[in-house]
Structure formats: C-alpha cells, structure tokens
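Quick note on labels: first sequence line is chain A, next is B, and so on, each numbered from 1. The basis for the numbers below is simple: all heavy atoms, side chains too, and nothing from hydrogens, waters or symmetry mates.
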Amino acid sequence: MNPLPPAQDTAPIRVRIAPSPTGDPHVGTAYIGLLNYIYARQRSGQFVLRIEDTDRTRFVPTSEQMIFDSLRWVGLTWDEGPDVGGPYGPYRQSERTAIYREHAEILLANGHAYRSFETADELEAMRRQQIAAKVPPRYNGAHRHLTQAQIDAYLAEGRPYTVRLKVPENQSTTFTDELRGPITFDHNNVDDQVLLKSDGFPTYHLANVVDDHLMRITDVIRAEEWISSTPKHVLLYAAFGWELPRFWHMPLLRNVDKSKISKRKNPVSLVFYQQSGYLPQAMLNFLGLLGGGMAQPTEQEIVSKGLNTKEGDIFSLGEMLEKFDFRRISLGGPVFDLVKLKWLNGEYLRKLTPEEFFAALRSSILSDNYLRSIAPLVQSRIEILGQFGDMTGFFFADNVLPPESVWLPKKRSFEESLAFASEQLTTLEAASWEPDTIESSLKALGEAKQWSVKENFMLLRAVLTGSTSSPPLLESMIVFGKARTLDRLRRFLEIQKKQANQRK
RNA sequence: GUCCCCGUCGUCCAGUGGUUAGGACAUCGCCCUUUCACGGCGGUAACACGGGUUCGAAUCCCGUCGGGGACGCCA
C-alpha cells in the first residue's frame, strides 16, 4: 500500500511531544522536547505538549505536574498544552476518549478494523507458545473473519472486546524517514494492532494518530524506538484518508553499555538532576551535544571570536536555535555520558560570578526549604551546631559508597544481602513517598523474606547514608527525595554487582 | 527467533572521493601551585572486517560481523 503524499510544505509547522505520566519526567523526554522545540522555533511553528495518559494501570497522579515543572526547569516552553490551553484541546488524552471511540467506529464501519473478543489471558498464553516455539509473537487473526452472526452473539453476551487494525495481507508499507530515507515493512511483520482496549481507552497508536491529525501536527519528531510501529500509523492515516506528517526518528539515548537508556544503569529522572545541583543550561547544552545537529565552529570562527577550542561544545539555547541543523543529526545512538555532563556543569558553574555562584547554592542544594526540612531531623541529637555537617553530610553528597564492613549485615551473605537490597529498591519504586507507606511496604518485604526490621532498615540506612548511625531513616528519605534515594540505591547495587563480577 | 535501524579514538562530535583523519570529555605526562582543583602545554588513542567501483576510498555499492530497537488490551 502506498502512503498518501506528505503534508503540504506550506502548512504552518506544528510539532509536539507526548509524554506519558507514569513516573518521574525522563531525560529522554527533555531530549526529544528540546529537538521539537528547536524545530518549531526555527520555523516559526508551534510546539505542543500533549499528555498521553491512556494507560490507567501505569498512571501516576503526581507525574503530570512534575513533567511540566521539569521541562520548564530546563528552559522549554510550549505554545499549547493542558496547562496553557490552546485551540486544539483538550491536550490530555484521557479527556478525549469520546473522540477515539468515534474514530474507532469509523474504522469498524469502513472495514479497516474489526472486533476481537479474546481475553488478555488467552492472548498472553498464545504469545508464550509462540515464543517457546521460536516464532515471532503475533496475533493469529482468529477473529478477523468472524461472521456477523458470531459478532452479534458475542455482543449480545456482553463479551468485552478490543478493536484491532485490519492490516492488509500480502502487501507492504513504505514511508519516508526524513533522516534515513524510505523504510519498508512487509505486512507479514505488521501485527493487527489493538487500537481500542476493552476498557474503552485507546492504545497509543490510535490516540497518537488521531490527535496528531486533529492537532494539525506536520512533523512527528520522536525517538527511534517508534520506527517499527510507524507502518501501523501510516496505515491508520490511510484508513482515515488523512495526509501523512513527516517522520523524524531521533537516535535513542544510551547507557554506557550502549543499551537503551534506563534507570537501572543511569539516572534518568530530571528531578534527580535538578535536586542534585545540575544547572538547567548545562543539561540543555549537553542534550544539544548528543546526536550532532550543532555544527562545530569553523577555524575562522575560533580565530575571529577568540574561542577556546573546547567552547565549540559550549552553547546556549539561543545558539542552538541559530545553528542547529536537523540534517546534520547522526544516527548512531549517543551514550548519555555523565562524566561529560559533569564537566559541562562545572564549566557553567565556574563561569558564574562569586555572587551568582552563591545564589546558585542558596537556591538549590542549600536552599532555606531544604535546610529547614533537614534541621528538625538533627536537633534532638545535636550538641553543638558544628556537628550539623557530620550528621547530614549524606544529604549533600553526590556519592555515598559505604564499605562492606558498614553495609553488610553480620549474619548475612553478600549475595543474599544484595538480593534483598534489590528487593528493597523494587519495593521503594512502587511506594508512594510518605513515611507510613514506605515503612509498611518495607516491613512487609522484610517479613516475606525473613529479614528482621533491624537488619532491613540498617541495610538501607547504610546504603543511603554511608553509616550505621544517622538521622531518622524514613524522614531522611522523604527529605532527600524519591529520585535521589532510588538512584543512590541503584548505583550501590550496580557497583556491588560489578565488583562481584570482577572477583569471579 | 523475525523484522527494522545503526557502525570514525574508551565517550560525544568533525570529516561527504585525494587530510600527517580534526576537536571536546576521559586518560597519561609536564608546567603552574603549600594540597586538591582550576588553568596552560604535550602524549596515547579510531575509520569493524572482506570484496568490489575508481588513477585514488573513512567517504559510493555488496556481503559478513558487531551493536541497538521493535515484536503488549505500555507508551
């Protein structure tokens, strides 16, 4: 099937980012956000922020506000979005479910979609069999050709169903990736994607295409992980008879080991970077460095502007708007190199005047709010104010690495302790960040794994504070923040695992 | 396993048929310095491999290998 011609070149440029409120705002969102922002600003276009909250099983209520705050923190602003309004709203997909249902009906009516009555369990069982048999896991299309009588019978029964895209057989779909050129997928490799879930909510694929069209998006600039689902989207545009946007798939940010960036191996929460004392300009600059796009200064520029050679790597958002060139983007996935980010941040910090530097400290890591929340944790155990630093160092440290003699419980082996710490991490990830919930979920874990309360909390205390004596643990964790607490635990686990492997 | 994408120093980028393959971070050495940083100077370090095309390939084509992504009623 041939895709329709791309959107008119004359259409006013409109781009969007569409984060999902499932947890902390992600550096990848800031990265793609920056790229979209630059693209729009360079072309006098509009930049839209849309919240994709169609998965209520993963929905985190506090997440949306954190996304707004973090994106504003790095310096991005949007022209339309849930919090600023705009002519194509609502910009929260959960408020648009009627629109998606209508559109699913259109596809049902014009034969581009069909109802599928299998249960999630049945599908899961099928998938497992296929994986076991080493064949690509795919929907078998069983309900693709249900007779009208069967469909009516199921509906009369009140059986829940999903709506699936009817991908034409024995064909292929080709689309143009603006950076890669034409990409073709044989339909044997394109599954009959679920468009509408049995709970009435759309999946990403339907909501995304419908919204991008209704919101007049001209350029879809998103991460590379979406390439393989793009044929589904192209098919959807065609099924609706809509014009295609341009597709730009950006390289995926990577961990040091080159795998897709993940919280296990790298801090990915923007909240973490903010609370740890990274400057937003440095973060934005660093993200702009990844994937190319910024031309390095020519020799003439270096000479004429008296630039230090390293200053080719240092630039502001304004300079990015001026010089960033999407055609220059290199396609290899860039490693998110914390070492270089820290160097960049240091460059920015050192460039501040002493007064500005002091102000930076006072507005972040030494803010009144932070100190005010730490103070009550030490007041009852302090003798002279000079002990404050000794008691609270871990609140201000970038790295806490307790030796084994501190963190390893006397009656526990290295392996079981690490395994338990790993369980603690999982537990804390799922916990809402209040002392009571943290305490009860941790205690439940301890009971299940036969770890005493003392061992349980002492291990965590040692890992987080680097010491076996500290201010109250739970309150400290609250003040230190979920993002940094979890990251500290993750880094501890990674380092221990690495050392354990080296010993083998 | 199947499909798709990608492949220049350890890392991030330059380089688009002719370069001693360049810069930054990291690393190493020297200088500065009471220390540590900062700063300055210098060094180590890469075109994955094999075939083509060409007078000439990092640059173009093919294959191999390697890495990554996707394969959910997640996004």
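A salt bridge links E429(A) and R264(A); the closest N-O separation between the charged side-chain nitrogens and carboxylate oxygens is under 4.0 Å. For R16(A) and E52(A), the salt-bridge test fails: no basic side-chain N is under 4.0 Å from an acidic carboxylate O. The pair K260(A)-E224(A) does not count as a salt bridge, with every side-chain nitrogen at least 4.0 angstrom from each carboxylate oxygen.
In this entry A24(B) has U11(B) as its Watson-Crick or G-U wobble partner, both defining distances falling under 3.5 Å.
Residues satisfying the ring pair (Phe, Tyr, Trp, His ring centres under 6.0 Å) criterion with H205(A), sequence neighbours excluded, are H233(A).
A donor N or O paired with an acceptor N or O is not found under 3.5 Å between the base of A26(B) and the side-chain atoms of K340(A).
You'll find that the side chain of V339(A) is closest to C25(B), out of C5(B), C25(B), A14(B).
Rounded to whole Å, atom P of C13(B) lies 8 Å from atom CG of L289(A). A straight line from CG of N345(A) to P of A37(B) spans 19 Å, rounded to a whole angstrom. Regarding M294(A), its CE atom lies at a distance of 14 Å from the C1' atom of A24(B), rounded to whole Å. Atom CG in D325(A) sits roughly 15 Å away from atom C1' in G15(B) (whole-Å rounding). To the nearest angstrom, P of C5(B) lies 15 Å from CZ of F247(A).
Nucleotides of RNA chain B nearest to L290(A) and E347(A) differ in position, and the one nearer the 5' end is that of L290(A).
Nucleic acid contact class of G346(A) (heavy atoms, under 4.0 Å, all strands): none.
With both ends at atom C1', the span from U59(B) to A46(B) equals 15 Å, rounded to whole Å. Of the C1' atoms belonging to C65(B) and A48(B), the separation is 7 Å, rounded to the nearest Å.
Interatomic distance, Y37(A) OH to D79(A) CG, rounded to the nearest 0.5 Å: 8.5 Å.
Between the side chains of D121(A) and T119(A), no donor-acceptor pair is found at a separation under 3.5 Å.
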Distance-only donor-acceptor pairs under 3.5 Å for side chains of residues 56-63 of chain A, two or more places apart:
from   : atom 1 : to      : atom 2 : distance (Å)
R56(A) : NE     : D199(A) : OD2    : 2.9
R56(A) : NH1    : D199(A) : OD2    : 3.0
R56(A) : NH2    : D199(A) : OD2    : 3.1
T57(A) : OG1    : D55(A)  : OD1    : 2.5
T57(A) : OG1    : D55(A)  : OD2    : 3.4
R58(A) : NE     : D55(A)  : OD2    : 3.4
S63(A) : OG     : G23(A)  : N      : 3.3
S63(A) : OG     : G23(A)  : O      : 2.5

Could you encode protein contacts along nucleotides 67-75 of chain B as a string, one character per nucleotide from 5' to 3', using B for base contact, S for sugar-phosphate-only contact and - for no contact, with a heavy-atom cut-off of under 4.0 Å? SSSSBSBBB
